[in-house]
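Both counts, for ligands and for their atoms, begin at 1 and track the order of listing.
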Amino acid sequence: MTTRIGIDAGGTLTKIAYWDRENKMSFKSFLSSDFQGVREWIENKHSSSAICLTGGRAEQLKKFLLSKQDLPYMVEFDATMNGVMYQMKQEVISSSSAIIANIGTGTSIHIMHDKTHSRIAGSGIGGGTLLGLGMALTGLTNYKEMIALSKDGKRSTIDVLVSDIYKDNKLPITGSLTASNFGGVTLKPEQARSRADLLAGIQGIIGEVVATLCIQAAEAHGVKDIIYIGSTLEENSLLQEIIESYTILKNKNPIFLEKHGYSGAIGALLENN
Ligand SMILES: Nc1ncnc2c1ncn2[C@@H]1O[C@H](COP(=O)(O)OP(=O)(O)OP(=O)(O)O)[C@@H](O)[C@H]1O
Ligand SMILES: [Mg+2]
């Protein structure tokens with residue numbers, strides 16, 4: 001039986017970090033549409049644990065849990081930063097100043113200087129966009145299925161590259177850069193497109209928009225490290241590759257943490273101590 005748990009109730013997923021019997025940090029997640037599942041998990045396995053909540057849906061979850069004790073709440077961004085710093089220490093990554101992008105349902109961008117942080121930008125392009133556009137264009141609804149299929153996709157049928165436009169002309173910028181995400185759908189009408197190609201194209205939009213915002217933020221603040229977190233990176237090597245290659249191309253240092261989506265839950269768990 002564990003004694004403490006940290007819960008990050010987000011727009012799409014509710015993430016839980018807790019100590020297991022061997023005192024090892026462990027993780028569990030539920031869809032935020034399944035608060036019933038969260039309640040049962042707590043009642044069955046962790047009924048006497050001290051809970052600390054964070055995330056945009058924390059208040060809703062608190063009401064749903066009908067807890068007799070007043071559950072402590074931690075501001076989401078504070079919890080996330082604490083969780084990021086804990087993971088960096090565990091993974092022996094050091095950075096005194098970094099941009100942090102949390103690619104959740106939407107994307108929130110922060111700057112961290114030593115132990116202080118502030119929110120500097122955001123975008124509605126995030127994991128919700130991946131699921132939403134993916135569903136609209138392919139009919140698939142399952143995240144893991146979409147991610148797996150996207151890995152077989154060819155973005156060349158969906159996007160227009162700078163080199164597609166400049167062809168034999170002298171290139172003004174790197175030819176392999178995307179000139180237009182999804183522009184190929186109208187400009188390359190002769191090409192056949194599969195669901196995998198469409199999903200790969202969607203991943204391209206999300207990765208490139210988020211990385212571009214972060215690179216610009218890093219340049220504006222004179223920072224080199226960019227830490228990308230959020231469950232949208234979970235088991236999603238294609239998105240990581242898109243983000244990583246573009247960030248490196250722009251001379252910034254991309255950092256991914258092992259527990260992509262769990263920084264908020266980890267921060268809430270540790271606050272509880
Ligand atoms: N099992 C899953 N089911 C659904 N989406 C998943 C799953 N695993 C990863 N995802 C992706 O993770 C995204 C949610 O990321 P995350 O959990 O970081 O956001 P959130 O905390 O729920 O949202 P926010 O922080 O914006 O309130 C989804 O939009 C989806 O792209
Ligand atoms: Mg979140």
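Within ligand 1, the atoms closer than 4.0 Å to a non-hydrogen atom of E76 are 25 (O), numbered from 1 in the order shown. Atoms of ligand 1 lying under 4.0 Å from at least one heavy atom of G10, given by number and element, are 20 (P), 21 (O), 22 (O), 27 (O). With ligand atoms numbered from 1 in the order given, ligand 1 contributes 18 (O) to contacts under 4.0 Å with heavy atoms of G230. Residue contact check: G106 has heavy atoms under 4.0 Å from atoms 26 (O) of ligand 1.
Protein heavy atom closest to atom 13 (C) of ligand 1, with residue, atom name and distance, is T232 OG1, 3.5 Å. Annotation: atom 6 (C) of ligand 1 to nearest protein heavy atom, Y143 CG, 3.4 Å. Ranking protein heavy atoms by distance to atom 21 (O) of ligand 1, first place goes to K15 NZ, 2.7 Å. What sits closest to atom 23 (O) of ligand 1 on the protein, heavy atoms only, is T105 OG1, 2.6 Å. The protein non-hydrogen atom at the shortest distance from atom 27 (O) of ligand 1 is G11 N, 2.8 Å. Given atom 29 (O) of ligand 1, the protein heavy atom at minimum distance is G127 C, 2.9 Å. Summary of contacts: the protein heavy atom closest to atom 19 (O) of ligand 1 is G104 CA, 3.2 Å. The protein heavy-atom contact nearest to atom 18 (O) of ligand 1 is S231 N, 2.9 Å.
The shortest N or O to N or O distance between D8 and ligand 1 is not under 3.5 Å. Between L13 and ligand 1, an N or O atom pair is found at a separation short of 3.5 Å. Backbone and side-chain nitrogen or oxygen atoms of L31 are examined, and none is located within less than 3.5 angstrom of a nitrogen or oxygen of ligand 1.
For G128, the closest heavy-atom approach to ligand 1 falls below 4.0 Å. Within the 4.0 Å heavy-atom shell around ligand 1 one does not find H260.
Residue contacts with ligand 1 for L131 involve side-chain atoms from C-beta outward but no N, CA, C or O (heavy atoms, distance under 4.0 Å). Residue E235 does not touch ligand 1, judged by heavy-atom distances below 4.0 Å.
F30 carries K28 over the face of its six-membered ring, with the cationic atom under 6.0 Å from the centre and within 45° of the normal.
In the model, Y228 has a side-chain atom that pairs as donor or acceptor with a side-chain atom of T247 under 3.5 Å.
In terms of hydrophobic clustering, with Ile, Leu, Val, Met, Phe, Trp and Tyr side chains grouped at heavy-atom distances under 4.5 Å, I93 and I99 are assigned to different clusters. If you chain together hydrophobic residues whose side chains sit under 4.5 Å apart, Y246 and F256 fall into the same group.
Other residues, nucleotides and ligands contribute only 12 or fewer heavy atoms inside 6.0 Å of the CD atom of E258. Enclosure of atom NZ in K188 by more than 12 non-hydrogen atoms of other residues, nucleotides or ligands within 6.0 angstrom is indicated.
Put simply, the side chain of T105 never gets that close to the backbone of G128: no donor and acceptor are under 3.5 Å apart.
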Hey, mind stepping through S32 and T12 against side chain to side chain donor-acceptor pair (under 3.5 Å) and telling me if it holds? CA-CA 5 Å; S32 292; T12 307; over 6 Å; no
Candidate pair S108 and R119, rule side chain to side chain donor-acceptor pair (under 3.5 Å), full reasoning: CA-CA 7 Å; S108 189; R119 187 175 187 279; 3.1 Å; yes
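With sequence neighbours left out, S237 forms a side chain to side chain contact (heavy atoms under 4.5 Å, CB included) with K151, E241.
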Report all side-chain donor-acceptor pairs from residues 202-222 shorter than 3.5 Å, counting only partners two or more places apart or in another chain.
{"unit_1": "Q203", "atom_1": "OE1", "unit_2": "N236", "atom_2": "ND2", "d": "3.0"}
{"unit_1": "Q203", "atom_1": "NE2", "unit_2": "S150", "atom_2": "OG", "d": "2.9"}
{"unit_1": "Q203", "atom_1": "NE2", "unit_2": "N236", "atom_2": "OD1", "d": "3.0"}
{"unit_1": "E208", "atom_1": "OE1", "unit_2": "T178", "atom_2": "OG1", "d": "3.0"}
{"unit_1": "E208", "atom_1": "OE1", "unit_2": "N181", "atom_2": "ND2", "d": "3.1"}
{"unit_1": "E208", "atom_1": "OE2", "unit_2": "R155", "atom_2": "NH1", "d": "3.4"}
{"unit_1": "E208", "atom_1": "OE2", "unit_2": "R155", "atom_2": "NH2", "d": "2.7"}
{"unit_1": "E208", "atom_1": "OE2", "unit_2": "T178", "atom_2": "OG1", "d": "2.8"}
{"unit_1": "T212", "atom_1": "OG1", "unit_2": "E208", "atom_2": "O", "d": "2.5"}
{"unit_1": "E219", "atom_1": "OE2", "unit_2": "K252", "atom_2": "NZ", "d": "3.2"}
{"unit_1": "H221", "atom_1": "ND1", "unit_2": "A217", "atom_2": "O", "d": "3.0"}

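Considering S95, S94, S97, S96 in turn, S95 is the only one that fulfils the side chain to side chain donor-acceptor pair (under 3.5 Å) rule with D225.
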